[in-house]
Amino acid sequence: MRFLPHTERDRSRMLETIGVSGMRDLFADIPADLHIEPGSLDMPDALHEAGIIRKFTQAAEQNRHAGNTRCFLGGGTYHHFVPAVVDYVIGRGEFLTAYTPYQPEISQGTLQALFEFQTMIARLLGMEVCNASMYDAATSVAEAALMARRVTRRERVVLAGSVNPRYRTVTHNYLSRISGSSVDVPCSGFATDVDAVVEAIDGETACVIVQYPDFYGSVYDLASVRAACDAAGALMVVAFSDATAFALIEAPGSLGADICVGSGQALGIPMGYGGPQLGLFACKKKHVRQMPGRVCGMTHDARDRRGFVLTLSTREQHIRREKATSNICSNQGLMCTAAAAYMSLMGDAGLATVARRSAAALSRLVSGLPDHVRAASGPRFNETVLSFADGDSRDHFLAGAEGCDIFAGIPLERIDPKAEACHLLVATTEMIEAEDIADYHAALEAVR
Amino acid sequence: MRFLPHTERDRSRMLETIGVSGMRDLFADIPADLHIEPGSLDMPDALHEAGIIRKFTQAAEQNRHAGNTRCFLGGGTYHHFVPAVVDYVIGRGEFLTAYTPYQPEISQGTLQALFEFQTMIARLLGMEVCNASMYDAATSVAEAALMARRVTRRERVVLAGSVNPRYRTVTHNYLSRISGSSVDVPCSGFATDVDAVVEAIDGETACVIVQYPDFYGSVYDLASVRAACDAAGALMVVAFSDATAFALIEAPGSLGADICVGSGQALGIPMGYGGPQLGLFACKKKHVRQMPGRVCGMTHDARDRRGFVLTLSTREQHIRREKATSNICSNQGLMCTAAAAYMSLMGDAGLATVARRSAAALSRLVSGLPDHVRAASGPRFNETVLSFADGDSRDHFLAGAEGCDIFAGIPLERIDPKAEACHLLVATTEMIEAEDIADYHAALEAVR
Amino acid sequence: MSEHYSGTHGLQHEEPLVFERAHEESVSIHLPGVEGDLPDDLTSFARREAAGIPGLSEPETVRHFVRLSQWNHGIETGFYPLGSCTMKYNPRVNETLARLPGLAQLHPDQPEHTVQGILALLYELQEWLGEIAGLPHVTLQPAAGAQGELTGLMLIRAALAAKGEGYRTKVLVPDSAHGTNPASASLCGMETVELKSGDDGRMDIDVLKAHLDDDVAALMLTNPNTAGMFESDIVEICRLVHEAGGFVYGDGANLNALVGIAKAGDMGIDCLHINVHKTFSTPHGGGGPGGGPVVVNETLAPYLPVPRIEKGDDGYRLLHDDDQSIGPVLGSIGQSGVLLRAAAYIAAFGREHLHKIAEDAVLNANYVLARLKDAYHVPFPGLCKHECLLTDEIQNRHGIKTLDIAKRLIDLGFHPMTVYFPLIVHGAMLIEPTETESKETLDAFCEAMLEIAAASEAGDTEDMHAAPLLPIRSRLDETGAARKPILVWTEEES
Amino acid sequence: MSEHYSGTHGLQHEEPLVFERAHEESVSIHLPGVEGDLPDDLTSFARREAAGIPGLSEPETVRHFVRLSQWNHGIETGFYPLGSCTMKYNPRVNETLARLPGLAQLHPDQPEHTVQGILALLYELQEWLGEIAGLPHVTLQPAAGAQGELTGLMLIRAALAAKGEGYRTKVLVPDSAHGTNPASASLCGMETVELKSGDDGRMDIDVLKAHLDDDVAALMLTNPNTAGMFESDIVEICRLVHEAGGFVYGDGANLNALVGIAKAGDMGIDCLHINVHKTFSTPHGGGGPGGGPVVVNETLAPYLPVPRIEKGDDGYRLLHDDDQSIGPVLGSIGQSGVLLRAAAYIAAFGREHLHKIAEDAVLNANYVLARLKDAYHVPFPGLCKHECLLTDEIQNRHGIKTLDIAKRLIDLGFHPMTVYFPLIVHGAMLIEPTETESKETLDAFCEAMLEIAAASEAGDTEDMHAAPLLPIRSRLDETGAARKPILVWTEEES
Ligand SMILES: Cc1ncc(COP(=O)(O)O)c(C=O)c1O
Ligand SMILES: Cc1ncc(COP(=O)(O)O)c(C=O)c1O
């Protein structure tokens, strides 16, 4: 077996040193009736490398993918461009095959990359500090709610209904087994109902969670939410799903977010059929000791040279056990390195271009819609909802578009089970060209 | 432009330091009428990375390749399995982006890999020493002829007609502009005519060049050639095209080769539509100072630690200029590292398996041929010639096989222009499964 | 440097922070897409000040990160015997496979008929994991082991609630358990009761019995446990817990000792998470991503999270809604890219070789133990499983602590073992070699450990207190870092 | 270490030879294919003794080569200002592209209708190279620059023969030329006559005139030449050679100075090779592979090697036979994988940016020259092109030689420049920064050079004679290596 270095002779010599006569003796502490016959698992036979490649390649070829289609799907995951450099960096064995940097002297590579990541994310979000990752946006939102409860010592969590339903479901799920309540505030017209959100904030409220741009792509004014939070002593948690937005529109930090959470997938990480994703988590510095997750800090070594370490670990499960700020241990470290490399390449200007073109594509898409489809009104970043007369006409269009290599949108009820089955959630990125939009329009015309 | 680090401000500051006022001033030494207008080349506009990927991917998709066909093509290039590890090793920037190891202190990685390569190749070929690569097998053969001329101070070169016609053409081409003659000895029945070869060796002969297994895959006894060389004072040069053969059949060194040259492509290098290939060159130690090409040697450093350097450079063009043993400078260094990694993974046992299965596949293919096709007779390694009644029936079969995703062989006249247009050169490797052979037979039956 | 170990040497560069490398303006990167200004209705929302993201050219970016990478120890550069972490070789071909555009460039909400290939692979993985654990119902969703624990406890709470025993919220956790176990219990709204381990490092049945009452929802146990010992009473333990009306949650972080040897389901475990980034060799990436599929028995199956991958007559599909389900714990079906690598690892071993993972892993740990047991204190003598536990008791007499031993190992060319965990012994050193290390490497490591022990005995300890001397940085001021945390870079910090 | 340069440090391992790592038996690798014994008729030919190829497991192999890799300096790890070598950044995306199965896994003898995609890319590259050089007829076949030279000289001989002037076999080569020029001439059966360069480092027209006679087949010239100087008299030079009945062969190794700025064809050059591994950024790989396409004018075009890529109405095809052709110089159509990377590099710059390659390359060289010209002797003052030439004349007074400077640079974190080439000055240091280096890196390099000059001036030279001190090896005994060459490993050498 090519991954196992021992020869049979190695094995016998080692058994001898141990002082047992055979491999089975090493398992003598396992009750005999628990032993299974070696080779008796109900599994296919071993595949050689060529066979594995063949198997996976054939499976891959059964899928249609963003490389050979035009992908207008969003809903939390976006088909942005990922430079080859990003993949090379995270494919290097020294980053890829390292563990969590527990021994900082021989982990400075990962640590400096994490520190750079934290700084870049904090800057992009306009926040003071940031951790070195949560699993994904949904769990980041849930952890934000938990953190707000710790900070405020209150238990009520208010969620705007325009927060991605998946984030909301996971958050409710995380909160439902502990005391306190979490409530959804209905939204209207595929946009955030700011007044209703403000209304829902009361003196028991630990935090209000809004999404910005919201699940439907809508961009709106957060000032009244911020004011209501101030009045009520609640924290404002701002969630987001495409981090590139903040190269274009004002960052949540500048709008007063106490905690800012969302997805970093847009920052150099392939869609990957849902994972590995990257959960971002940033907050105000004064709350940092209530923050979940790993965090890297700057320090110096015995010879006074700058260096980096994991820090504030007294918040974490391996020290605080049942009192930890979170149970998270393995996180999305490598994806932080990917995002750092991506952002280094892009810079402010590149990120702004990505965001601007994503938005420009949506404008172009919406402005050319035939009149049998209606786009949600109001300012949108790179995502919106298109409404059809009925489910059939929508599905008919979807099928036709697919035939032209276009994934034209996500049936809204797939993510938001309460939605009527005649809407499409549609997203655009810089990977959409003018020609693709023309084809989209043509596909719409074709089913008129 | 993403590969250019300067900002415009950097450029102006640098121009200032230089003391010129603009970029054009840096080219003032080029006569004005030679200047072309910047941006005036007749070329497409710059492509962003996503566009380049799209362009190349689309081109790649227009080709059919060994990954989605069954490849029975040989003639010097073989579809052996290449483990992913090999590609990772040579993709690491430290190997990939280094120059020729002129500064050994910071090139020990490349140098040790080359030394390991040289040792493994020498062992595989049964030769005493080996260089760190020639361009390909054809030029290796040509260089072998030139070296034999230097060693023997004779000018006549005898080539067996069963040496790959491409190797022969390149060799004649290399030799044709200098004094002396090079002659081809006709072969018979798609095999080496040993008697004729022996016959052709005379007292003026610098070397005789035979291929083993020969171009047609035939394996035969070299003893009489060796004896004739001894008698005439000529060198025996043994060429080969699939180095894995020598894990199975006796190595050229053991059969008395003075110089052994051929292709290392089979050792972990993709077919690559002809390149980069890997030319192997090995010889007896006593002739090493007449050997062409780079060679790495073992030595020690100032603190007496083992280390490696390029050595015997007084043979080379940068020192000896017009008197150098060869004009070669850049070679196939990275492919040596690939071959070293491949051989480390395979070992004697793995290489023997590769060779045995390649041969077994051919046996199976030949033994199941329908009677309207004739295979060349005599022992063959992994390649042979199939003969059809006429060109039409062959081409009809080729087209049919292609329809079943089989590249069934190379029309012999494509490589050997003198051959009649009714033969196929057919090769097998461990990438051919029993099922593929069954399909091959079925395709033959289908055009019966 | 002795001939036994590689030591560490230099061809590495100091490299500033990416911000210190940045130019005043970012270098222009050329991108695809629709040219266009900021749409009118967004202008009032426009960001006023640039974020300050560097924007280096591609050559600078590559050099920066390549240099940083070389400051890391990784499994590809050397031995990494972190106990409880299962740092094994990560096959290179798996990296290639997971990057195939047809697997990596899939949107999670593509219509299911366009993703049948990946669904087939993931479904097969579910079946394999179920078979290996003897617990046939599987969710691939949890993003890591800790989330697997949370998921499992949610399932247990759901099952208890269905029985009308929602009041059971007590979770028994041995004091040797990993920190995530109690932390997950808290997150699931449960109370942890710590069980003191017996003198042999195993669970003390009497202690267990004493805590089994009507409030008990579950026992969380790791087997082999974090001292590397197999809980030989496992069948009895499970029986007792079940009798008391509780469930047994298995922390599968140590599955590497058991693959193809024995099944959790046969032991009576109801629910187990599997850290695929440990047992099935998906790369750790400097902290993650991982994957924590949960496998369960019949009783817990109805509550598994959605979306679930189901196989029907017309192919695979995702079930998004199920009333009994605890609902999703993650925003997607799981860490697909990680899971594919795990599937490839399992496929490479297959039926006939899978048990060799555990065999060689256990062989290696016992070999290291055998070689070191005279020089180091072994708190729990006897067979170990995939990892062995030592302490610094002997070296302590000479003023040498576990930390010093660990740091000295760095200078000798090895990543240290896990230190100060588990908490049940003083100065723990938990060594997990895994199956992918050669005897040669184990011997070199043992020589190094013996040399350290001998040096300590001889009072030759200067190097040890100052270690590590050879890497790009010496010991770092962790206390200072925590006291006044600097978590982002600002020009003033420079 | 000053803040200016990175120095080198340690996290690297000693690593034995792969043979010293080998087990007694090789580890079994699992392979595809048809099971079967050695066919009967081959048994008498069977190899008697195994070769002795190691056969390590995959984890061992990866670790071995990863460790070795870290002992190398590469363009990805640091500045690599080797004059005449054009060590520029190698775009990572090009590596991905060249590995696409549809490009990498093609057999050279597949039917042409199954390889239209790659033929289209290669054909387009031919057109681009022809346009850049102003010499529209192209062969992609030569495997590297040296083979390009041989090919070009063969073409010239063929053209001369066609004119009945086969007796012309004299090749004029400036004394500053690269060694491959005279070596290629010899290989082509021609005699080299060396032309002494003028005092300004350029060709001395009078010397040229003195050698132009009826035997002259060609002048081989590098422009800019290997001292980094543009041959400003190039038009006159070409005119003179042509008048004398000879051809002008251009060594295109220094094309980086001219891309998009001026065309070889316009200068009067008849034939030029292009080192795509220099100008068009294909990775050097520790020695190769390279690619040396040759571009020629109308006169030489009929003789270009076969196979040639031709574009017809029904697509691309390979022309294998042509009576006038000099025939093939390589066993295939060329180093396709290398050529694809070159095409990708050119495509990324495109019409509007290609000239910036030369602009920034020349800017960088002149900047370094400007910063160093007071501290180091500049043999040929004035503008340089893409590289600048210094000597150790000033430092020599303090006993410091070019070699010492080079080795000291290593300790400061830089790969040295090309040393002792060209041969026309004593103690040459030829510095080629290329366009992909930042001002910051150039400044750091210049600081290092200035520090060395200052230290030399101050007599503070101990470090320099002993340098390098920081890499994994110090100066190696090259003389010993050549005197008693050990080219393969045997158990006795260990
Ligand atoms: C015993 C044990 N349990 C649980 C975990 C947590 O797993 P993860 O890091 O995947 O969340 C670990 C990880 O180190 C572990 O060792
Ligand atoms: C000026 C010059 N000419 C020719 C060559 C030879 O080119 P290659 O190494 O590609 O054969 C070189 C390579 O260093 C060179 O610098």
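Below, each value reflects all heavy atoms present in this structure, side chains not excepted, and no hydrogens, waters or symmetry copies. In what follows, chains carry the letters A, B, and so on, assigned in the order in which the sequence lines appear, proteins first and then strands, with residues in each chain numbered from 1.
Residue contact with chain C, scored on non-hydrogen atoms closer than 4.5 Å, involves the side chain of A:T139 exclusively. Contacts between A:V85 and chain C at a heavy-atom distance below 4.5 Å involve the side chain alone, from C-beta outward. If you measure heavy-atom distances from A:T77 to chain C, the contacts under 4.5 Å come from both the backbone and the side chain. For chain C, the nearby part of A:S326 is the backbone; its heavy atoms alone come within less than 4.5 Å. If you measure heavy-atom distances from A:T110 to chain C, the contacts under 4.5 Å come from both the backbone and the side chain. Heavy atoms closer than 4.5 Å to chain C are found nowhere in A:A137, neither backbone nor side chain. Of the atoms belonging to A:M343, heavy atoms from both backbone and side chain fall under 4.5 Å from chain C. For a residue to count as touching a neighbouring chain, one of its non-hydrogen atoms must lie under 4.5 Å from one of that chain's; by this rule A:I18 touches chain C with backbone and side chain alike.
Remark: C:H415 pairs with C:H73, C:Y80 by the ring-ring contact (aromatic ring centres under 6.0 Å, His included) rule, at least two apart or across chains.
Taking CG of A:D42 as the reference point, atom CD of C:E131 lies at 5.0 Å (rounded to 0.5 Å). Rounding to the nearest 0.5 angstrom, the gap separating the CD atom in C:E437 from the CG atom in A:L4 is 11.5 Å.
Of all the heavy atoms in C:V34 and A:A434, the pair that sits closest is CG2-N, 3.6 Å. In terms of heavy-atom proximity, A:L312 sits nearest to C:P485 at CD2-CG, 4.0 Å.
Judged by distance alone, the side chains of A:S330 and C:H277 do bring a donor and an acceptor atom under 3.5 Å apart.
Across C:L487, C:L476, C:I486, C:V488, a single residue satisfies side-chain contact (heavy atoms from CB on, under 4.5 Å) together with A:M298, and that is C:I486.
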